[in-house]
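Following: one structure in structure tokens, then a few remarks.
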Amino acid sequence: ALQAGVLLASKHWKIPLLNPSEQVYIREVKSGLLSLCLQDLESLAVLLGNNKLALTEDQRLARVSELLVRMTEKYSFALDMSAKVRLLLNARGQQSEEVGSMGELNGINLNQ
């Protein structure tokens with residue numbers, strides 16, 4: 001569920017108002033975050049599967065708890081990053097509208 005949350009939060013990170021270097025940066029952050037999520041899910045599968053790890057139930061539960069904390073941190077990061085990207089986009093959208101309005105006031109068509 002947390003990985004799905006990370007994916008949902010990061011869907012807003014692909015926006016046309018960003019310049020190419022910002023888009024590359026955001027893509028790299030998203031890719032890295034999803035890669036870390038996958039590693040945690042693979043670790044969880046090993047912990048919960050029929051494996052040869054000699055762990056007591058308490059050790060197994062402690063590791064599962066650690067994975068939950070790490071995934072929760074990734075989810076929080078994704079939400080925070082998504083909110084910052086939306087804030088940047090809102091500011092750029094507003095700036096673009098203001099520039100368009102100023103052009104109209106001055107008789108300049110900026111939508112060519």
Side-chain angles (χ1 to χ4, degrees):
L2 285 176
Q3 187 180 26
V6 169
L7 285 170
L8 283 174
S10 66
K11 75 177 182 171
H12 301 290
W13 299 0
K14 185 179 178 184
I15 312 293
L17 289 175
L18 299 174
N19 68 45
S21 64
E22 291 168 332
Q23 290 184 25
V24 167
Y25 173 75
I26 289 172
R27 245 189 329 272
E28 288 173 354
V29 169
K30 180 180 178 180
S31 177
L33 185 62
L34 292 176
S35 177
L36 292 172
C37 288
L38 182 60
Q39 289 174 14
D40 286 346
L41 288 174
E42 289 169 350
S43 296
L44 181 62
V46 168
L47 282 171
L48 299 178
N50 292 330
N51 57 52
K52 308 240 186 301
L53 290 178
L55 297 175
T56 66
E57 279 305 303
D58 287 342
Q59 291 171 323
R60 192 178 314 275
L61 287 173
R63 290 194 183 173
V64 168
S65 293
E66 290 170 11
L67 287 171
L68 177 60
V69 167
R70 291 199 321 239
M71 285 298 291
T72 302
E73 289 170 351
K74 288 174 190 66
Y75 178 65
S76 295
F77 172 81
L79 288 176
D80 184 59
M81 179 79 169
S82 183
K84 287 177 180 175
V85 169
R86 278 193 306 271
L87 184 62
L88 175 63
L89 293 170
N90 287 339
R92 293 231 176 119
Q94 183 177 2
Q95 182 182 33
S96 178
E97 288 176 18
E98 289 172 0
V99 167
S101 295
M102 291 299 293
E104 287 177 16
L105 287 174
N106 292 304
I108 301 169
N109 183 2
L110 299 173
N111 294 323
Q112 294 178 3

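Just the heavy atoms: all of them, side chains too, but no hydrogens, waters or symmetry mates, feed the values below.
- Atom-to-atom distance recorded for Arg70:CZ and Asp40:CG is 4.0 Å, nearest 0.5 angstrom.
- With values rounded to the nearest 0.5 angstrom, Leu36 atom CG is found 9.5 Å from Met71 atom CE.
- At a threshold of 4.0 Å, the pair Arg63-Glu66 does not count as salt-bridged, since none of the basic side-chain nitrogens sits closer than that to a carboxylate oxygen.
- For the residue pair Arg86 and Ser82, a side-chain donor N or O sits within less than 3.5 Å of a side-chain acceptor on the partner.
- Linking Ile, Leu, Val, Met, Phe, Trp and Tyr residues whenever their side-chain heavy atoms come within less than 4.5 Å places Leu67 and Leu55 in a single cluster.
- Here the NZ atom belonging to Lys74 is positioned 11.0 Å from the CZ atom belonging to Phe77, to the nearest 0.5 angstrom.
- A continuous path of Ile, Leu, Val, Met, Phe, Trp and Tyr side chains, each step under 4.5 Å between heavy atoms, connects Val29 with Leu88, placing both in one hydrophobic cluster.
- Ser31 contributes atom OG, which lies 13.5 Å from atom CD1 of Ile26 (distance to the nearest 0.5 angstrom).
- Atoms CG and CG, from Leu89 and Leu18 in turn, are 5.0 Å apart once rounded to the nearest 0.5 Å.
- Remark: the Asn19 side chain and the Ser21 side chain contain an N/O donor-acceptor pair separated by less than 3.5 Å.
- No continuous path of ILVMFWY side-chain contacts below 4.5 Å connects Leu47 to Leu61, so the two sit in separate hydrophobic clusters.
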